[in-house]
Amino acid sequence: MGNSALKAHLETAQKTGVFQLTGKGLTEFPEDLQKLTSNLRTIDLSNNKIDLLPPLIGKFSFLKSLALNNNKLTALPEELCKLKKLETLHLNGNHLRQLPAAFGQLSALKTLSLSGNQLRTVPTQLSGLRHLDVVDLSKNQIQNVPDTVGELQAIELNLNQNQISQISVQISHCPRLKVLRLEENCLELNMLPQSILSDSQISLLAVEGNLFEIKKLRELEGYDKYMERFTATKKKFA
């Protein structure tokens, strides 16, 4: 991509607060963007070949939305965690194995998509995020869901297509969790905490494609209570 084209994009971004450059084969984060640190509200660099996010990302203090889906990122810089206004972060289809230690400082974060990465566990840093609504961790290599998940504030947690065989009973203590997706994992029925059914806020539990028949789920103690929540929620949206 020529300089003149990039210049045109930068000029538009200065006016709109949106910089979108997707599917252009970029191998690095455009350094010229640092001229717009106070303008930009949205950056979308999805479907490129970027393998490194530079520390200067931390300077975009007004950024609300950052999308870097389908790039080649293997790690994220700690500086990313300075983005106090960031509400939406899409990083699907990269090679991330973990999140920065200070990730819990992204205090405005509402939506986090990390589908199709190489995470092996539910990151403990997510428990500190008070405004998190939706977390997508599908298509990773997660094998267990740790106790810290009990502090997760999310309304929806998507763990489809992982390798989960163990889930902490603490998941039923999530104060706002309404939707839990666990399709296509390695769960035996006795490894699914019954308290999810009998004693949680969860009103949609998706567990197709595990190591048990769905009809067996209906025989579990607490299933009636779960169905009450499920039906009540359905009525609300009908």
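Residue numbers start at 1 and run along the sequence shown.
- Side chain to side chain, N162 and N140 fail the donor-acceptor criterion of an N or O pair below 3.5 Å.
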- Task: Check the pair I57 / L66 against side chain to side chain contact (heavy atoms under 4.5 Å, CB included), numbers first and verdict last.
- Result: CA-CA 10 Å; I57 191 68; L66 177 60; 4.2 Å; yes

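- The two atoms that bring C81 and L106 nearest to each other are CA-CD2, 3.8 Å, heavy atoms only.
- Within 6.0 Å of NZ on K178 lie more than 12 heavy atoms contributed by other residues, nucleotides or ligands.
- Side-chain contact, T74 with H95: no donor N or O sits under 3.5 Å from an acceptor N or O.
- Cluster annotation: I196 is connected to L187 through the hydrophobic network of ILVMFWY side chains, with a link wherever side-chain heavy atoms come within less than 4.5 Å.
- Within the 4.5 Å cutoff, the side chain of L80 has heavy atoms near those of the L89 side chain.
- Put simply, the side chain of E78 gets close to the backbone of A102: a donor and an acceptor are under 3.5 Å apart.
- Within a 6.0 Å sphere centred on CD of E79, other residues, nucleotides and ligands contribute more than 12 heavy atoms.
- Counting heavy atoms from C-beta on, the side chains of L99 and L114 come closer than 4.5 Å.
- Side-chain N or O atoms of N158 include one that pairs as donor or acceptor with a backbone N or O of N160 at under 3.5 Å.
- Here the side chains of F103 and L129 are in contact, with some heavy-atom distance below 4.5 Å.
- In summary, K215 and E213 engage in a salt bridge, as defined by a charged side-chain N under 4.0 Å from a carboxylate O.
- A heavy-atom distance below 4.5 Å is not found between the side chains of E87 and S65.
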- Message: Could you go through E156 and R181, starting from their C-alpha distance and side-chain angles, then the distance that decides it, and tell me whether this counts as salt bridge (Lys or Arg N to Asp or Glu O under 4.0 Å)?
- Response: CA-CA 8 Å; E156 176 170 345; R181 302 186 188 279; 2.9 Å; yes

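- No side-chain donor-acceptor contact under 3.5 Å links D199 to the backbone of S172.
- If you check the side chains of T233 and S203, you find a donor sitting under 3.5 Å from an acceptor.
- S138 and S115 share a side-chain donor-acceptor pair at under 3.5 Å.
- When the shell of 6.0 Å around CD of E221 is examined, it contains 12 or fewer heavy atoms from other residues, nucleotides or ligands.
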- Does the pair N190 and F212 meet the rule for a side chain to side chain contact (heavy atoms under 4.5 Å, CB included), with working shown? CA-CA 9 Å; N190 61 355; F212 58 87; over 6 Å; no

- Message: side chain to side chain contact (heavy atoms under 4.5 Å, CB included), that's the test. Do L217 and L192 meet it? Break it down for me.
- Response: CA-CA 9 Å; L217 184 68; L192 192 70; 3.6 Å; yes

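- Note on L86: it clusters hydrophobically with L36, by side-chain heavy-atom contacts below 4.5 Å among ILVMFWY residues.
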- Message: side chain to side chain contact (heavy atoms under 4.5 Å, CB included) for L10 and F19? Distances and angles first, verdict last.
- Response: CA-CA 7 Å; L10 289 168; F19 185 83; 4.0 Å; yes

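- Cluster annotation: M227 is connected to I202 through the hydrophobic network of ILVMFWY side chains, with a link wherever side-chain heavy atoms come within less than 4.5 Å.
- Annotation: side chain of V122 is in contact with side chain of L159 (closest heavy-atom distance under 4.5 Å).
- Nearest heavy-atom pair, G222 versus S198, reported as atom, atom and distance to 0.1 Å: CA-CB, 3.8 Å.
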- Verify salt bridge (Lys or Arg N to Asp or Glu O under 4.0 Å) between D133 and R176, making sure each step is shown before the conclusion. CA-CA 9 Å; D133 289 337; R176 298 167 71 217; 3.0 Å; yes

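- For K49, the NZ atom sits in a loose shell: 12 or fewer heavy atoms of surrounding residues, nucleotides or ligands are nearer than 6.0 Å.
- No hydrogens or angles considered: a donor-acceptor pair under 3.5 Å links the side chains of S168 and D147.
- Side-chain contact between K24 and N48: present, with at least one pair of heavy atoms (C-beta onward) separated by less than 4.5 Å.
- The shortest distance between side-chain heavy atoms of K84 and S107 falls below 4.5 Å.
- Side-chain heavy atoms closer than 4.5 Å link hydrophobic residues (I, L, V, M, F, W, Y) into clusters, and following such links, even through other members, never connects L119 to V134.
- The shortest distance between side-chain heavy atoms of E208 and I214 falls below 4.5 Å.
- I167 is not connected to L211 by any chain of hydrophobic side-chain contacts under 4.5 Å among Ile, Leu, Val, Met, Phe, Trp and Tyr, and they are in different clusters.
- Across every non-hydrogen atom of K216 and L189, the tightest pair is CB-CD2, 3.5 Å.
- Nearest approach of I50 to L68, heavy atoms of both residues: CD1-CD2, 4.2 Å.
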